[in-house]
Asker: 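Attaching a single structure in structure tokens format; questions to follow.
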Amino acid sequence: MNARDMHAEMARWIENVTEPDLAAELSRMKEAVETGDESAFTDAFFQDLSFGTAGLRGTLGAGTNRMNIYTVGRATQGFADYLNAHFKNPSVAIARDSRNNGELFVRTAAAIFAANGVHAYVYPRISPVPTLSWAVRDLGCSGGVCVTASHNPAAYNGYKAYGPDGCQITSEAAAAISAAIESTDIFSGVKSVDFDAALAKGDVTWIDDAVLERYYDAVLSKSVSNLSADEVAKAPLKLVYSPLNGTGLVPVTTVLERAGVTDITVVPEQRDPDGDFPTCPYPNPEIREAMQKGIELCERVHPDLLLATDPDADRVGVAVKDGEDYLLLTGNEMGVLLLDYICRMRAERGENLAEKVAVTTIVSSAMVDALAAKYGFELRRCLTGFKYIGDIITELADEGQADRFIFGFEESYGYLSGDHVRDKDAVNASLLICQMAQSYKLQGKNLADAMRDLYAEHGYWLNRTVSVSYPGAEGAAAMAAIMERLRAKAPSEVAGLAVESVVDYEDAGTGLPPANVVEFRLAGGNKAIVRPSGTEPKIKLYVFAKDDTREGAEALLDSIETAGRKLLA
């Protein structure tokens, strides 16, 4: 929007908004503008919150570029129009995590779906992303919505949209829904009814516990442990667990206890759902700050491992004692460990791994290639985002070959070992991680020891992800200019390493859907990949290095990161 349009839009919001908190925020915004401070106003109104394959995500507040009942309502009307155009008697499943305004957004969305003739099945309590993916297929829904902003700071919330296969929506569906949203007036174009009235009428239905029980059974069926009860009894696993004030507590502990992992100490400060995430500003198990309360508890109770799930329980992070400190395993390291473990367990049972398929993303560890060479499974790579892994699972299922899929992971701590859901599943991953840790414990090792063994066998394939932020109205333009420059004039070398080839994933020749990603393949098997985030105002730089020693690989990572940051300046 230009300045004139933004001011007109704010005036329209002031005239139409009835929700008290948003109305008060708009009033404060108007007063600030009148005194010459347009910063908050500009960021709130310079664009509409964009809708894509990841749905919506943004900070809570008033304005077209914010998460509120009006932007959620407009998106839901667009989604409802799409479902009515493509399905007979459409229905959706809806879930939410522990974030602020989550229940409000769920009730808003369900009431709008009901007003548009789309039956809404709603989880009555907070519930993880994988349980939403499960419910879509278990209940035979046409789509789904999970109100979540994953591991973003507390100021955020989001709206993830799913297709009938339990995957996040396709690019084609996102484009069609986005077009429907754009044709909907945010105030006059949204149909709604009273939520409680729709519930009483039967147009909205609570999802009952039987759906969750079927999900738990499905997760437990994905166990690959070959340990006997006597072996487990010899080395029972001791666990410290944190749900990071999110949704993981009940499903993770339920599944683990049913699998025999009963010595679980929950981090008390992070046990209960809390959308303010008071112990850490960024509830992301990838970072030490989020894990710190758990590490402090570990120093007192001395478990075999610390496990933490993010607020919507689709990602899981792990730390283990290593010398005098606790080591946080990276998402790539855990993906490699789990894939190696799954392959060994299946091979021990006599399965032919040449018939199996593992999936990872273009920005995940290249060490997986070494595992594919060792075990003989088919490795497929896809674009960043677990929806693309889910798409491959769906393709296999449509071909009657769902049992070929054994594991999928992405570097950002997302894992899945079965076709029961089509999104990353921290409940499923927590089970596998604990069973793997128990297996290594019987060998006198922890997961840090196991990872060192894999490095010794295959070499040090190290990775690093760097995020560079470009906030505000100017950020989007800056990000676009950087990507255009990298395509127009690719560097001939990065950190003194020759650029042997450049892969532009916007081109059709990659065999993957077009994506705003540029990969620089460097001498020695090293590489750097650049892509704008689809949900946040930042560009991500993925750095890959390989060497026979950790010191050599880390030095290469540092050099490539430094050079890569200069490319993004």
Side-chain angles (χ1 to χ4, degrees), residues 50-57 71-97 102 105-123 127-148 150 158-184 190-193 195 198 203-207 211 215 312 314 385-391 393-395 397-398 419-425 535:
S50 62
F51 186 96
T53 57
L56 299 174
R57 188 176 299 181
T71 53
V72 166
R74 187 185 187 211
T76 303
Q77 182 65 52
F79 196 7
D81 290 344
Y82 171 83
L83 293 173
N84 277 316
H86 290 82
F87 298 91
K88 184 178 180 180
N89 301 319
S91 60
V92 294
I94 308 177
R96 63 182 171 93
D97 68 8
F105 293 162
V106 163
R107 291 171 70 93
T108 297
I112 292 167
F113 281 125
N116 285 274
V118 180
H119 191 98
Y121 296 93
V122 180
Y123 275 109
S127 202
V129 155
T131 65
L132 184 279
S133 178
W134 167 265
V136 168
R137 295 171 63 224
D138 185 66
L139 297 172
C141 294
S142 317
V145 171
C146 194
V147 175
T148 172
S150 189
Y159 179 106
K160 293 175 73 172
Y162 289 76
D165 57 357
C167 287
Q168 290 183 57
I169 53 172
T170 64
S171 299
E172 293 77 13
I177 295 168
S178 182
I181 293 169
E182 289 173 5
S183 67
T184 300
V190 179
K191 304 174 187 175
S192 189
V193 294
F195 175 86
D203 294 334
V204 175
T205 305
W206 294 123
I207 296 175
V211 174
Y215 166 76
D312 58 345
D314 61 354
F386 216 90
K387 71 170 296 295
Y388 296 106
I389 296 176
D391 288 344
I393 302 171
T394 297
E395 289 171 11
D398 290 345
D419 70 331
H420 60 292
V421 298
R422 304 293 162 80
D423 208 338
K424 46 191 176 286
D425 186 349
T535 56

Asker: Hey, what do you get for CG (Asp81) to NE2 (His86), rounding to the nearest 0.5 Å?
Answerer: 11.5 Å
Asker: Please check: side-chain N/O of Thr184 versus main-chain N/O of Ala180, any donor-acceptor pairing under 3.5 Å?
Answerer: yes
Asker: Could you measure the distance from the NZ atom of Lys424 to the CZ atom of Phe386? Nearest 0.5 Å is fine.
Answerer: 7.0 Å
Asker: Roughly how far, to the nearest 0.5 Å, is CD of Gln168 from CD1 of Ile389?
Answerer: 11.0 Å
Asker: Between the side chains of Thr148 and Asp97, is a donor N or O closer than 3.5 angstrom to an acceptor N or O?
Answerer: yes
Asker: So Cys146 and Asp312, do their side chains get closer than 4.5 Å, heavy atoms only?
Answerer: no
Asker: Establish, yes or no, whether a centroid distance under 6.0 Å links the rings of Trp206 and Phe195.
Answerer: yes
Asker: Trp134 side chain to Gly166 main-chain N or O, any donor-acceptor pair under 3.5 Å?
Answerer: no
Asker: Looking only at heavy atoms, which two atoms of Val193 and Ala114 are closest? And how far apart?
Answerer: CG2-CB, 4.1 Å
Asker: Report yes or no: does Gln77 contribute a side-chain atom to a donor-acceptor pair with the main-chain N or O of Lys191 at less than 3.5 Å?
Answerer: yes
Asker: How about Thr394 and Cys167: do any of their side-chain heavy atoms sit closer than 4.5 Å?
Answerer: yes
Asker: Please find the pair of heavy atoms, one from Gly163 and one from Val136, that lie closest to each other, and give the distance.
Answerer: O-CG1, 3.3 Å
Asker: Could you give the distance from OG (Ser142) to NE2 (His119), rounded to the nearest 0.5 Å?
Answerer: 11.0 Å
Asker: Minimum heavy-atom separation for Cys141 and Ala93, please, with both atom names.
Answerer: SG-N, 3.8 Å
Asker: Given side chains that start at C-beta, do those of Asp423 and Lys160 come closer than 4.5 Å, heavy atoms only?
Answerer: yes
Asker: Considering non-hydrogen atoms only, spot the tightest contact between Ser192 and Ala111 and give its length.
Answerer: OG-CB, 3.7 Å
Asker: Parallel, tilted or perpendicular: which describes the rings of Phe113 and Phe79, with under 30° parallel and over 60° perpendicular?
Answerer: perpendicular
Asker: Roughly how far, to the nearest 0.5 Å, is the CD1 atom of Ile169 from the OG atom of Ser178?
Answerer: 9.0 Å
Asker: Rounded to the nearest 0.5 Å, what separates atom CG in Leu83 from atom CD1 in Ile177?
Answerer: 6.5 Å
Asker: Looking at side-chain heavy atoms only, is the closest gap between Val122 and Val106 below 4.5 Å?
Answerer: yes
Asker: Could you tell me whether a side-chain N or O of Asn84 sits under 3.5 Å from a main-chain N or O of Asn116, the two making a donor and an acceptor?
Answerer: yes
Asker: Would a distance-only check, ignoring hydrogens and angles, find a side-chain to backbone donor-acceptor pair under 3.5 Å from Thr76 to Val72?
Answerer: yes
Asker: Sub-3.5 Å donor-acceptor pair from the side chain of Tyr159 to the main-chain atoms of Ala109, do we have one?
Answerer: no
Asker: Looking just at side-chain N and O atoms, do His420 and Asp425 make a donor-acceptor pair shorter than 3.5 Å?
Answerer: yes
Asker: Do the side-chain N and O atoms of Tyr121 and Asp138 include a donor-acceptor pair separated by under 3.5 angstrom?
Answerer: no
Asker: For the pair Asp391 and Arg422, evaluate salt bridge (charged side-chain N to carboxylate O under 4.0 Å, His left out) and give the outcome as yes or no after the intermediate values.
Answerer: CA-CA 8 Å; Asp391 288 344; Arg422 304 293 162 80; over 6 Å; no
Asker: Are the side chains of Arg57 and Ser150 in contact, using a 4.5 Å heavy-atom criterion?
Answerer: yes
Asker: Measure up the Phe87 and Tyr82 rings against each other and bin them: parallel (under 30°), tilted (30 to 60°), perpendicular (over 60°).
Answerer: perpendicular
Asker: For the residue pair Val145 and Val92, establish whether any side-chain heavy-atom pair is separated by less than 4.5 Å.
Answerer: no
Asker: Indicate the atoms forming the closest heavy-atom contact of Ile181 with Gly78, along with that distance.
Answerer: CG1-CA, 3.9 Å
Asker: Please give me the minimum heavy-atom distance between Ala75 and Leu56, naming the atom from each residue.
Answerer: CB-CD1, 3.6 Å
Asker: Judged by atom type as modelled, is there a donor-acceptor pair below 3.5 Å linking the side chain of Arg96 to the main-chain atoms of Gly102?
Answerer: no
Asker: Quick one: does any side-chain atom of Thr53 pair with a main-chain N or O of Ser171 as donor and acceptor, under 3.5 Å?
Answerer: no
